Amino acid sequence: MADPKGFLTHDRELPARRPVDVRIRDWREVYEDFPKPALTKQAARCMDCGIPFCHNGCPLGNLIPEWNDLVYRDDWREAAERLHATNNFPEFTGRLCPAPCEAACVLGINADPVSIKRVEVEIIDRAFAEGWVAPRPPERKTGKRVAVVGSGPAGLAAAQQLTRAGHDVVVFERADRIGGLLRYGIPEFKMEKRHLDRRLAQMEAEGTEFRTGVNVGVDVPAARLREEFDAIVLAGGATAWRDLPVPGRELKGVYQAMEYLPPANRDLAASPISAEGKHVVVIGGGDTGADCVGTAIRQGAASVTQLEIMPRPPADRPGSQPWPTYPMLFKMESAHEELEAGGGARVYAASTTEFLADEHGNVRALRLVDVEGPAAGFRPIPGSEREIPAELVTLAMGFVGPERGPLLTGLASLASRDFFDARGNVARSVSYETAVEGVFAAGDMGRGQSLIVWAIAEGRSAAAAVDEYLSGRTALPVAVPPTARPLV
Ligand SMILES: Cc1cc2nc3c(=O)[nH]c(=O)nc-3n(C[C@H](O)[C@H](O)[C@H](O)COP(=O)(O)OP(=O)(O)OC[C@H]3O[C@@H](n4cnc5c(N)ncnc54)[C@H](O)[C@@H]3O)c2cc1C
Ligand code: SF4
C-alpha cells in the first residue's frame, strides 16, 4: 500500500484546464501539466483494498493499486510495465475513458475516488518521454496470416497482440489514415493525434502492416479475404448512425456528427463544413455532441446550443444507481464549460420537430418543443413550441450498429447460422468467433456503440481466441468475454 494515511491526508485533485478564452483559440488538449508531487499525492490516496473493485470496474482489469503504489515509490518504469500488462494503449484510455474504475473505487463510497485515470495517463506519457516504450517484435514467427478489418482501438489492439504472438498481421482500413474514431471522430482537443501516431510507429516497427484506402467487401471481396488469410478479425465499428426523420431533414446545413467531425479533424484550419459565424445547434447530449460543441466553438460559431431529449441528469448518485455501478450524472466536459462561457446553453427535455429553410434551401432555424418523459414515451408539452436560429445543425444521436454493407452481407452469405444477433450486431460465440469459421469480431461491430476501453478489451480478447484457433493454444490474456454487458 502506497501510504496508509494518504486517503485521509490528501484530497482528490486533477490538473487545471487551460483558461477557456485561451484554449478555444487552438486545438491543443485542454489540460495543463500536472506537477509530479501532486500526482504522487493522488497515487498515495489509493487504499490498496483487499477486494479492488476498481479492477472490476475497468473492462481491461487494469492493475490499478499496483501502479498507484509504484508511482508513489517513484518506480515509474515498473508502473509502465504493469500498465502495459493489461492495456495496449493507456495513452488513449488515460485521456478518453469515462473511467468506470473511478465510479467503482471503494474510496468513492463516502469520499472522492482516486484520480485513477490521471495517474494512468501520466505514467504512459512519462514512459514515452523516457523512451521506455520500445517495439516488442515477436521472438518467432508462426507463418500464419491474419487480416484485421478496421483500424480503431479494437482492430489496433487485436493487431498488436497477434503481431507480438508471431502472426503476420495486415490491418485494412477504408479511410485514408489509420485510427478509426480515434483519428477522425475524436477531436484534437480531447486527444492530440501525435499520441496515436507514435503508437502506430511502434506497431509498424513490430511488424504490423497497415493498408489504408481499402474498403473490404468492395475493393476486396470478403470471400477472397477469407481464402487469402488464415483468420480474420472484424473490427469495423458501429458506424450506422441514428437519423432524425423530421420535416426539413434534407436541408443544406443539417449534418450527421460523423459527417461534420471528420473533415474538421482532417483540416483544423479550414474544414469544408465550418461553423464560422453561424448559429449552431447540436442535437444529442452525449460525448459525440460535446465533441461537436467544442469543434464548432473553435471554428468560430456565432452561437452554440446543445439539445437533449432526456431530462437533465442528477448531479449526485441517485439511489437507483448505487456504488459501484457507473452512474449517469450531469457532467461538465471541457466543451460544456466553453459553451457556457460563450453564452450558449444545454437544453434538456426538448425535442426537434422541424427544420426551417431560407430562400436558398439552407437551414435557418429549428422548431422544438419541450417534452415530458421518458416513462411511457416522450409527450410534447402544449404551448412550449418555439423556434431557435440554426444555420448549422449536427445530429449526434448515436449509432444503431454496424453497416450492412458488402463486407457483412458477403460474410453472412457464407455463414452456417445467424450472422447477426437480435440487436443487429455481428453475433459471436464465447470465443469471439462469428458464424463463419475463422472469422472473429471485436469492438463496436460486435457489441454495438460502446467505448474505447471496451474496444481494446475486446480486441485483446479476440486476439487470444484467434491465436488459439491458429496455434492450438495461446499465452495471450483474455480481458473480457464477448457476452459481458457494458457498465457504461
Ligand atoms: C465522435 C465520437 C467521440 C467519441 N468519444 C469517445 C470518448 O471520449 N471515449 C470513449 O471511450 N469512447 C468514445 N467514443 C466511442 C469510441 O470511439 C468507440 O466505441 C470506439 O472507437 C470503437 O472502436 P472500434 O475499433 O470498434 O471501431 P471504430 O473506432 O469505429 O473503427 C472502425 C474502423 O473500421 C473501418 N471500417 C469499417 N468497415 C470497413 C471496411 N469494410 N473495410 C475497411 N475498413 C472498414 C472504419 O473506417 C473505422 O476506421 C466516441 C465516438 C464518437 C463517434
Ligand atoms: S482504462 Fe478506463 S476504466 Fe480502466 S483504469 Fe483506465 S480510466 Fe479506469
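Note that ligands are numbered from 1 as they come in the structure, with each ligand's atoms numbered from 1 the same way. This structure is a prediction, so every number in the text was calculated from the model and none was measured.
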Step through the shown structure and confirm whether more than 12 heavy atoms of other residues, nucleotides or ligands are within 6.0 Å of NZ on Lys193.
-> yes
Per-atom contacts of ligand 1 with Val214, taking only distances under 4.0 Å to non-hydrogen atoms = 42 (N), 43 (C)
Ligand-side contact atoms (ligand 1) for residue partner Gly443, heavy atom cut-off under 4.0 Å | 26 (O)
Got the closest protein heavy atom to atom 6 (C) of ligand 1, with its distance?
-> Ile186 CD1, 3.9 Å
Counting from 1 in the order shown, the ligand 2 atoms closer than 4.0 Å to a non-hydrogen atom of Val453 are 1 (S)
Nitrogen or oxygen atoms of Phe399 and ligand 1 under 3.5 Å apart = no
Given salt bridge (charged side-chain N to carboxylate O under 4.0 Å, His left out), test Asp125 with Arg198 step by step and report yes or no.
-> CA-CA 11 Å; Asp125 283 358; Arg198 69 186 176 185; 3.3 Å; yes
Intermediate values then yes/no, side chain to side chain contact (heavy atoms under 4.5 Å, CB included), Val171 and Met203 = CA-CA 11 Å; Val171 178; Met203 291 181 67; 5.6 Å; no
Would one find an N, O or S atom of Cys101, in either backbone or side chain, under 2.8 Å from atom 4 (Fe) of ligand 2?
-> no
Counting heavy atoms under 4.0 Å, the part of Leu451 that contacts ligand 1 is both
protein heavy-atom neighbour closest to atom 27 (O) of ligand 1 works out as Gly237 CA, 3.4 Å
List every atom of ligand 1 that sits less than 4.0 Å from any heavy atom of Leu261, numbering the atoms from 1 in the order shown and giving each element.
-> 1 (C)
Which of Lys117, Arg12, Arg45 passes salt bridge (Lys or Arg N to Asp or Glu O under 4.0 Å) with Glu102? It is Arg12
Examine ligand 1 and decide if any of its atoms is less than 4.0 Å from a heavy atom belonging to Tyr184.
-> no
Looking only at N/O atoms, are Asp287 and ligand 1 under 3.5 Å apart anywhere?
-> no
Are Arg118 and Tyr31 in a cation-pi contact, defined as NZ or CZ under 6.0 Å from the six-membered ring centre and within 45° of the axis?
-> yes
Counting only heavy atoms, which portion of Cys97 has something under 4.0 Å from ligand 2: side chain, backbone, both, or neither?
-> side chain
Any Asn87 side-chain heavy atom under 4.5 Å of Glu120 side chain | yes
Side-chain H-bond candidate by donor/acceptor type, Glu206 with Thr163, under 3.5 Å | no
May I ask which of Gly459, Pro153, Ala158 has a heavy atom nearer to atom 21 (O) of ligand 1 than the others do?
-> Pro153
Is it true that the NZ or CZ of Arg199 lies under 6.0 Å from the centre of Phe89's six-membered ring and within 45 degrees of the ring axis?
-> no
Atom 18 (C) of ligand 1: nearest protein contact (heavy atom, Å) = Asp444 OD2, 3.3 Å
Ligand 1 to Ile452 polar contact by distance, N or O atoms, under 3.5 Å | yes
Can you sort out which atoms of ligand 2 are near Thr93, meaning under 4.0 Å from one of its heavy atoms?
-> 1 (S)
Would you say the side chain of Leu339 lies within less than 4.5 Å of the side chain of Arg346, judging by non-hydrogen atoms?
-> yes
With atoms numbered from 1 as shown, which atoms in ligand 2 lie under 4.0 angstrom from a non-hydrogen atom of Ile64?
-> 5 (S)
Applying a strict 4.0 Å limit to heavy atoms, is Ala235 in contact with ligand 1?
-> yes
List every atom of ligand 2 that sits less than 4.0 Å from any heavy atom of Asn62, numbering the atoms from 1 in the order shown and giving each element.
-> 1 (S), 4 (Fe), 5 (S), 6 (Fe)
Arg95 vs Glu29, salt bridge (charged side-chain N to carboxylate O under 4.0 Å, His left out): CA-CA, chis, key distance, verdict | CA-CA 9 Å; Arg95 286 181 168 77; Glu29 285 176 15; 3.0 Å; yes
The closest protein heavy-atom partner of atom 41 (N) of ligand 1 is Val216 O, 2.9 Å
Ligand 1 atoms in contact with Asn215 (distance to a heavy atom under 4.0 Å) | 40 (C), 41 (N), 42 (N)
Can the positive tip of Arg177 be found less than 6.0 Å from the middle of the six-membered ring of Tyr184, inside 45° of the ring normal?
-> no
Note: ligand 1 atoms sitting under 4.0 Å from heavy atoms of Glu173 are 33 (C), 34 (O), 35 (C), 43 (C), 44 (N), 46 (C), 47 (O), 48 (C), 49 (O)
Do other residues, nucleotides or ligands put more than 12 heavy atoms under 6.0 Å from Asp176 CG?
-> yes
Among protein heavy atoms, which lies nearest atom 52 (C) of ligand 1, and at what distance?
-> Thr288 OG1, 3.5 Å
Enumerated ligand 1 atoms positioned under 4.0 Å from heavy atoms of Lys190 = 5 (N), 7 (C), 8 (O)
Where does Thr93 meet ligand 1, judged by heavy-atom distances below 4.0 Å: at the side chain, the backbone, both, or neither?
-> neither
Any N/O pair Leu96/ligand 1 closer than 3.5 Å = yes
Atoms of ligand 1 less than 4.0 Å from Val149 heavy atoms?
-> 40 (C), 42 (N), 43 (C)
Does any N or O atom in Ser450 lie less than 3.5 angstrom from one in ligand 1, N or O only?
-> yes
Would you mind running through ligand 1 and noting each atom that sits below 4.0 Å from a heavy atom of Gly185?
-> 1 (C)
What atom name does the N, O or S atom of Glu120 nearest to atom 6 (Fe) of ligand 2 carry?
-> OE1
Walk me through it: do Trp76 and Asp74 pass the test side chain to side chain donor-acceptor pair (under 3.5 Å)?
-> CA-CA 6 Å; Trp76 288 70; Asp74 210 21; 3.1 Å; yes
Which residue holds the protein heavy atom closest to atom 39 (C) of ligand 1, what is that atom called, and what is the gap in Å?
-> Arg174 CD, 3.9 Å
Leu407 to ligand 1: N or O pair under 3.5 Å?
-> no
Single hit among Ile456, Leu83, Val121 for side-chain contact (heavy atoms from CB on, under 4.5 Å) with Pro90 = Leu83
